[in-house]
Amino acid sequence: MREEGIPSGKTAIEGIQKDKRTFKNSRNSIMDKTMPAFLLFCAVISILTTVGIVYILFTETYHFFQKVPFKEFIASGTWSPLFEPKQFGIWPLLSGTLLITVIACLVAIPLGLAAAIYLSEYAPKAVRKVIKPILEVLAGVPTIVYGYFALTFMTPIIRVLFPDVGIFNALSAGIVVGIMIIPMVCSLSEDAMSAVPRSLRDGAYALGATKFEVALKIVVPAAFSGIVASSVLAFSRAIGETMIVTVAAGATPKLTANPFDSIQTMTAYIVQVSLGDTPHGTVEYGSIFAVGATLFLITFVLNIVAQYLAKRFREEY
Amino acid sequence: MNTIIEIDKLNLFYSDFHALRNVSLEIPEKAITAFIGPSGCGKSTLLRTFNRMNDMIQGTRIEGVCAIGGTDIYSDEVDVETLRKRVGMVFQQPNPFPKSIYDNIAYGPRLHGIKDRKKLDEIVETSLRSAALWEEVKDHLKRSAFSISGGQQQRLCIARALAVEPDILLMDEATSALDPISTLKIEELAQELKDRYTIVMVTHNMHQAARVSQQTVFFLNGEVVEYSDTEQLFSNPNDQRTEDYISGRFG
Amino acid sequence: MKEWKQDDRKRVANRRRMDTTLKLLFLAATSIGILALMVLIIDIVMDGLGHFTPDLFTNYPSRRPSSAGMKSAIVGSIYMLLIILPVSFVFGVGAAIYLEEYAKKNRLTRIFQLNISTLAGVPSIVYGILGLTLFVRWFMLERSLISGAFTMTLLVLPIIIVAAQEALKAVPKARRDASFALGATKWQTVSRSVLPSALPGILTGVILAMSRAIGETAPLVMIGALTYVAFLPEKLTDQFTVIPIQIYNWISRPQTEFHELAAAGIMVLLIMLIIMNITAVLLRNKFQKNI
């Protein structure tokens, strides 16, 4: 037994050496050396994208500000780049964007939050299973479709109710942008509420609370930073929305808070310039980078705020 | 001793699973009754029928009678909100609300309609005193409930339950997440509270049951195997299965 | 023992009424979203059904609405997808594998991660500005199919990376350990053990990203996807148009008949999206069974 079981020293070493040779699988070692580098390259693309966006926006904006004084950009109340005298005050575009965004949030935040409370606290499983995919579909509808909806459905309704309103108005576009971001507010807030531990709800129920008391006094306060994060993200999304406002809100940069006015947002302005054949190197062409940089900065800050709030929320639970 | 909870031929099903089988029990007032048994024996399930927390699990079905103070708590006469006001519960993990210590205690009374600030202050103080926490937290009632230790949090949860003036306090393995010293404090507290409240506790820890309770119920597979005075059950069990369990042969 | 008091009952009844009222209110709010979707679909089908004919698929755009179609747009959209899909799949999944399987948990990785979530929040029009400057001008690819496809690839990459990371995270660690314990190398483990398990989840994410790409309009307007294209692109450097651009073009004309054409175009777009979404749901269900 012994002699058979343990081979003599020499053969054992030979065996190990033979094994060692089979370990060297040249194809695998090549893959294991090259793949990490390739994968790292893939990840670096996303960094390069950001670097590209920032570099392009800010160098071109810098060139723009050599032709147009920065002071005019932030102080003038007129945006008239396409006719003389040319003026580049960002405020009309900014106020147009803000008007749309505020209308959209007035629609989306209450509705989205209420829907989130319903789905997270009240809805039976079967109902959730039906409603959640529908909201996903709503979130996946292309914005150009919403634009069509705003122009051919929402606007006529508004014009029946308020006959003086023009075809292009902020209200119609704002409401439809709001409808577009409802699913976002709803699903992110619902995620936050679902993350509130079961035990907190149990604690409240055990004290004799009803469902709405648990929802409004325990779950919503506990999920508050997550809910705010979802609203901030939705706000940022509404600011960056392009096609709905291009189609339905008009092309008249105007410093106004009247929702029935035709206005122009920053995004719609960028589309307008790029549609016309504005040659590279002109001031008008440069202005899209200045507007784009403003847009990017605003949404960037909002996204960082939202991420910070969401992170704080995750750390709490 | 007067009986406060009366259970007669209680059967409970979670969908197809028969979780409680023909349970009949009478639990005395102003004493500590302990439920022991291995995991999944139905002891927590029975505890949760006393304040109808099982209602929230879809597919739960109950047959038989569960009466508190002579009224069937599953009848239409009883509102579950009022029931839970009278039957408080403390959970396995301390679960203070993400609010201040004060607001944690005041949450229950506010639900049940007390708005007067003075009255609330009074309730907060009495409840915290009853839970032996007042001296430790009286100077920072406005601080977050998460700022105190786990053992203090659990006593806060007890105070929160006491704040709505219950008759009965259910403790669902209330010390299993705590360190030995905090556990001891809660046990001492339970001893003090039993003069004023009926306490029913579920515990995994047989020594705890022996130390703290006057009555002990031993459950196995959803059935009551043995119910007697704690001393009797641990020193001289009637049933072979009880003896096997308390001598550590299973579970 | 206290009695069950009568005034307690009254107060509880009030609280319950409040509860029911709010529940109905919340339900109504939820229904508004669903209602909006239904109204939108009905509105579009009613407007567009008359133009939803074979002509729509076989004709080129025309100044006369009666004979206008979107053949070039449909073909353009399909070509775009055929380019975006493999490119974004390779780079997106590659980045996800790097971040989940290879990257150490350090500062650099956190920066990568933060960068990706930031990119996901950049407005699509900004990608248009990037594509216009980078691909059209600097790389001199002109206002071509390839410029548009590259721009859209950059736009959908963050979506794919995040989805693929989720799918990779969902693969149990035990599966990796089992592979390593059999003597597999890192890449063998990733490619033969982890990736196959995560693939349905990754594909779901990729399909959803494609459905985003196919409906996206703004960046391609920037790139200059032409709206009047009476030919099919033959090379990557040819000019092109896509379905949403064609729809936008029709919407921006004043005549109602063009609006109806736009509605018909939207029907085509929505049908494509529905098919993609159903595929994604089927894959997801398969995925949930496997893990």
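Residue numbering restarts at 1 for every chain, and letters A, B, ... go by the order of the sequence lines.
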Exercise. Between C:Ile214 and chain A, which part of the residue has a heavy atom less than 4.5 Å away: side chain, backbone, both or neither?
Worked result: neither
Exercise. Can you say whether C:Val90 sits under 4.5 Å from chain A via the side chain, the backbone, both, or neither, judging by heavy atoms?
Worked result: both
Exercise. Picking from C:Leu40, C:Leu154, C:Ile129, C:Val221, which has the most non-hydrogen pairs under 4.5 angstrom with chain A?
Worked result: C:Leu40
Exercise. Atom CG of C:Leu114 and atom NZ of A:Lys311: how far apart are they, to the nearest 0.5 Å?
Worked result: 9.5 Å
Exercise. Any side-chain heavy atom of C:Leu130 sitting closer than 4.5 Å to one from A:Leu57?
Worked result: no
Exercise. By a 4.5 Å heavy-atom criterion (distance strictly below it), what part of A:Glu136 contacts chain C: side chain, backbone, both, or neither?
Worked result: side chain
Problem set entry | Under 4.5 Å from any heavy atom of chain A - which part of C:Ile251 | both
Exercise. Is chain A contacted by the side chain of C:Ala96, its backbone, both, or neither, given a heavy-atom distance below 4.5 Å?
Worked result: neither
Exercise. Given a strict heavy-atom distance threshold of 4.5 Å, which part of C:Ile223 is in contact with chain A: side chain, backbone, both, or neither?
Worked result: neither
Seminar exercise, completed: So CD of C:Gln246 and CD1 of A:Ile144: to nearest 0.5 Å the spacing works out to 11.0 Å
Problem set entry | More than 12 heavy atoms from other groups under 6.0 Å of CZ on C:Phe180 | yes
Exercise. Does any non-hydrogen side-chain atom of C:Ile44 lie less than 4.5 Å from one of A:Phe153?
Worked result: no
Problem set entry | Pairwise distance CG(A:Leu40) to CZ(C:Phe112) - rounded to 0.5 angstrom | 5.5 Å
Exercise. Between C:Ala29, C:Ala28, C:Ser252, which shows the greatest number of heavy-atom pairs under 4.5 Å with chain A?
Worked result: C:Ala29
For this session: Search all heavy atoms of A:Ser46 against all heavy atoms of C:Leu119 and return the closest pair with its distance.
Result: O-CD1, 3.3 Å
Problem set entry | Salt-bridge criterion met for C:Arg137 and A:Glu60 (N-O under 4.0 Å) | yes
Exercise. Is it the backbone or the side chain of C:Ser117 that comes under 4.5 Å from a heavy atom of chain A, or both, or neither?
Worked result: both
Problem set entry | Any side-chain heavy-atom pair of C:Thr118 and A:Thr50 under 4.5 Å | no
For this session: Among the options C:Arg212, C:Arg16, C:His259, C:Glu101, pick out the one with the most heavy-atom pairs lying under 4.5 Å from chain A.
Result: C:His259
For this session: Might you point out which heavy atoms bring C:Ala263 and A:Tyr148 nearest each other, and give the distance in Å?
Result: CB-OH, 3.3 Å
Problem set entry | Minimum side-chain heavy-atom gap A:Pro142-C:Thr217 below 4.5 Å | no
Exercise. Out of A:Gly240, A:Pro133, A:Ser274, which one racks up the most heavy-atom pairs below 4.5 Å with chain C?
Worked result: A:Ser274
Seminar exercise, completed: Checked A:Ile288, A:Ile131, A:Val145 vs chain C; the most non-hydrogen pairs under 4.5 Å come from A:Val145
Exercise. Should A:Phe289 and C:Thr133 count as side-chain neighbours, where that means a heavy-atom distance under 4.5 Å?
Worked result: yes
For this session: Could you tell me which of A:Leu113, A:Leu233, A:Val44, A:Leu302 has the largest number of non-hydrogen atom pairs under 4.5 Å with chain C?
Result: A:Val44
Problem set entry | Portion of C:Ile116 that has a non-hydrogen atom of chain A nearer than 4.5 angstrom | side chain
Seminar exercise, completed: Most heavy-atom pairs under 4.5 Å with chain A, out of C:Val39, C:Ile266, C:Leu27, C:Leu22, belong to C:Leu27
Exercise. Which value, rounded to the nearest 0.5 Å, describes the distance between A:Leu39 atom CG and C:Tyr102 atom OH?
Worked result: 6.0 Å
Exercise. Is chain C contacted by the side chain of A:Leu111, its backbone, both, or neither, given a heavy-atom distance below 4.5 Å?
Worked result: both
Exercise. In Å and rounded to the nearest 0.5 Å, what is the CD to OG1 distance from C:Glu216 to A:Thr242?
Worked result: 7.5 Å
Problem set entry | chain A contact via C:Leu270 - which portion, at a heavy-atom distance below 4.5 Å | side chain
Exercise. Taking all atoms of both residues into account, what is the closest heavy-atom pair of A:Ser236 and C:Gly121, and its distance?
Worked result: OG-O, 4.4 Å
For this session: Working to the nearest 0.5 Å, report the span between CD1 of A:Ile270 and CD1 of C:Ile125.
Result: 5.0 Å
For this session: Give the C-alpha distance, both sets of side-chain angles, the deciding distance and a yes or no for side chain to side chain contact (heavy atoms under 4.5 Å, CB included) between A:Met35 and C:Ile97.
Result: CA-CA 10 Å; A:Met35 278 322 276; C:Ile97 293 176; over 6 Å; no
Seminar exercise, completed: One option among A:Ile56, A:Ile45, A:Leu135 has the most heavy-atom pairs under 4.5 Å with chain C, and it is A:Ile56
Exercise. What option among A:Ala115, A:Pro36, A:Cys42 has the most heavy-atom pairs under 4.5 Å with chain C?
Worked result: A:Cys42
For this session: Answer yes or no: does atom CG of C:Leu24 have more than 12 heavy-atom neighbours from other residues, nucleotides or ligands under 6.0 Å?
Result: yes
Exercise. Given C:Asp43 and A:Thr152, is the side chain to side chain contact (heavy atoms under 4.5 Å, CB included) satisfied, shown in steps?
Worked result: CA-CA 9 Å; C:Asp43 178 48; A:Thr152 67; 3.6 Å; yes
Exercise. What part of A:Leu275 is in contact with chain C, defined as an atom under 4.5 angstrom from a non-hydrogen atom: side chain, backbone, both or neither?
Worked result: side chain
Exercise. Where do A:Ala209 and C:Arg15 come nearest, in terms of heavy atoms and distance?
Worked result: CA-NH2, 3.8 Å
Problem set entry | Check: C:Leu157 and A:Thr49 side chains under 4.5 Å, non-hydrogen atoms | no
Exercise. In terms of the angle between their ring planes, are C:Phe91 and A:Phe38 parallel, tilted or perpendicular, with boundaries placed at 30° and 60°?
Worked result: tilted
For this session: Pick one of side chain, backbone, both or neither for A:Phe168, based on which atoms fall under 4.5 Å of a heavy atom in chain C.
Result: neither
Problem set entry | Pick from C:Thr30, C:Asp19, C:Asn115 with the largest number of heavy-atom pairs that fall under 4.5 Å of chain A | C:Asp19
Exercise. Do the non-hydrogen side-chain atoms of C:Met18 and A:Phe212 ever get within less than 4.5 Å of each other?
Worked result: yes
Problem set entry | Atom group of C:Trp138 that falls short of 4.5 Å from chain A, counting heavy atoms | side chain
